[in-house]
Chemist: 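Pasting a structure below so you can have a look.
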Amino acid sequence: MAERKEAHFIIENQVEELAVLFDKIEELAETWQWSVPLTMNINLVLEEAVSNVIFYSFDDERKHEIIIYISIQENELTIVISDDGKPFDPTSAQLPDVELKTEDRPVGGLGIFLISKIMNSVSYTRKNKLNILTLTKTI
Amino acid sequence: MNLTNEKIGDFTVLHIEGRIDTTNFSQFESEINRLFDAGEMNIVFDCSGLHYISSSGLRVFLIAQKKTLPINGKLHLCKLQPAIKEIFDISGFSSIFKIFETQESALKS
């Protein structure tokens with residue numbers, strides 16, 4: 001059985017921290033030998049999920065930590081994103097109708113839609129005052 | 001992200017290099033608004049150097065398209081890398097925009 005690989009990153013709830021996250025993912029992709037398209041997709045999924053947390057989970061002005069766990073077992077990639085903000089379930093958002101014409105397309109809602117298309121499963125739980133978003137993908 | 005533009009015939013060709021994401025999309029949005037304000041309503045986005053886009057960047061493209069529709073402007077995209085084309089496909093943006101393989105064909109249409 002293939003060895004389980006794990007990594008985790010902690011970032012603060014600031015938009016600028018996304019750049020730090022991208023660098024860490026690029027490094028991880030090199031170590032774990034991901035293809036360029038896989039790296040781009042994981043980067044994208046993390047940006048969409050983590051920016052949602054940064055924009056919507058916190059009402060106060062304080063610093064918060066967002067913890068991102070990434071693991072691979074066999075060919076299953078799992079990403080868990082955890083934060084201590086207010087309850088926020090991104091899976092409850094209404095997904096955009098991508099068939100609509102330009103004039104009728106709303107400009108929001110694409111982030112969670114892209115996540116759901118790229119990953120095989122997306123689930124949310126609230127536990128011990130933490131938002132926990134779990135994403136899996138067969139690679 | 002690095003943006004450069006050149007005037008070719010009726011079009012302004014905007015070359016996009018690098019990534020458009022949540023940290024820098026406003027730079028891209030400002031450049032498009034600057035072109036619109038200068039009266040440039042036909043734009044070809046040369047995406048050969050664009051290697052990453054997130055929903056923040058897609059949103060800017062959509063807003064730009066919504067602005068050009070009432071004034072009969074043209075927003076054409078060309079030379080999308082396969083991974084970027086896939087993002088446009090799954091988000092339904094490939095049917096919203098005219099996407100061309102080459103800059104020449106984007107300028108002729």
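These numbers come from the heavy atoms of this one structure, side chains and all, not from hydrogens, waters or symmetry mates. Treat the numbers as computed from the prediction; the structure is a model and nothing was measured. In what follows, chains carry the letters A, B, and so on, assigned in the order in which the sequence lines appear, proteins first and then strands, with residues in each chain numbered from 1.
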Chemist: Considering only heavy atoms, which portion of B/Ile96 lies under 4.5 Å from any heavy atom of chain A: side chain, backbone, both, or neither?
Modeler: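 Contact with chain A involves both backbone and side-chain atoms of B/Ile96.
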Chemist: Sort by residue number and list every member of residues 3-15 of chain B having a non-hydrogen atom under 4.5 Å from chain A.
Modeler: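 Those residues of residues 3-15 of chain B which would need a heavy atom under 4.5 Å from chain A do not exist here.
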Chemist: Among B/Arg19, B/Glu86, B/Gln81, who wins on heavy-atom pairs under 4.5 Å with chain A?
Modeler: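 The option with the most such pairs is B/Arg19.
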Chemist: Within the supplied structure, the quantity of interest is the number of heavy atoms (other residues, nucleotides, ligands) at a distance under 6.0 Å from B/Lys66 NZ; does it exceed 12?
Modeler: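 For B/Lys66, atom NZ is crowded (more than 12 foreign heavy atoms under 6.0 Å).
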Chemist: Indicate yes or no: does A/Lys24 engage A/Glu27 in a salt bridge with an N to O separation below 4.0 Å.
Modeler: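 No.
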Chemist: Examine whether an atom of A/Glu48 lies under 4.5 Å from a heavy atom of chain B, and if so say whether it belongs to the side chain, the backbone or both; otherwise answer neither.
Modeler: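 For A/Glu48, the contact with chain B is made by the side chain alone.
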Chemist: Please identify, among A/Met40, A/Glu47, A/Glu16, the residue contributing the most non-hydrogen atom pairs under 4.5 Å to chain B.
Modeler: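 Ranked by contacts with chain B, first place is A/Glu47.
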Chemist: Strictly by modelled atom types, are A/Lys86 and A/Asn131 linked by a side-chain donor-acceptor pair under 3.5 Å?
Modeler: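 The answer is no; no qualifying pair exists.
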Chemist: Residues sharing A/Val80's hydrophobic cluster, by side-chain heavy-atom contacts under 4.5 Å among ILVMFWY, directly or via others?
Modeler: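 Members alongside A/Val80: A/Ile10, A/Ile67, A/Tyr69, A/Leu130, A/Ile132.
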Chemist: At a 4.5 Å cut-off on heavy atoms, which part of A/Thr102 comes close to chain B: side chain, backbone, both, or neither?
Modeler: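 Backbone plus side chain of A/Thr102, per the 4.5 Å heavy-atom cut-off to chain B.
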Chemist: Kindly write out the residues that satisfy salt bridge (charged side-chain N to carboxylate O under 4.0 Å, His left out) with A/Lys129, not counting sequence neighbours, or none if the list is empty.
Modeler: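 With sequence neighbours excluded, A/Lys129 shows a salt bridge (charged side-chain N to carboxylate O under 4.0 Å, His left out) to no residue whatsoever.
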Chemist: Assess the side chains of A/Glu26 and A/Asn43: does a donor N or O sit below 3.5 Å from an acceptor N or O?
Modeler: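 Side-chain D/A pair, A/Glu26 to A/Asn43: present.
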Chemist: My understanding is that only residues two or more places apart in sequence, or in another chain, count here; which of them pass salt bridge (charged side-chain N to carboxylate O under 4.0 Å, His left out) with B/Lys85?
Modeler: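 B/Lys85 satisfies salt bridge (charged side-chain N to carboxylate O under 4.0 Å, His left out) with B/Asp89 only.
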Chemist: Quick one, A/Asn13 and A/Ser57 - any side-chain contact, counting heavy atoms below 4.5 Å?
Modeler: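 Contact flag for A/Asn13/A/Ser57 side chains = no.
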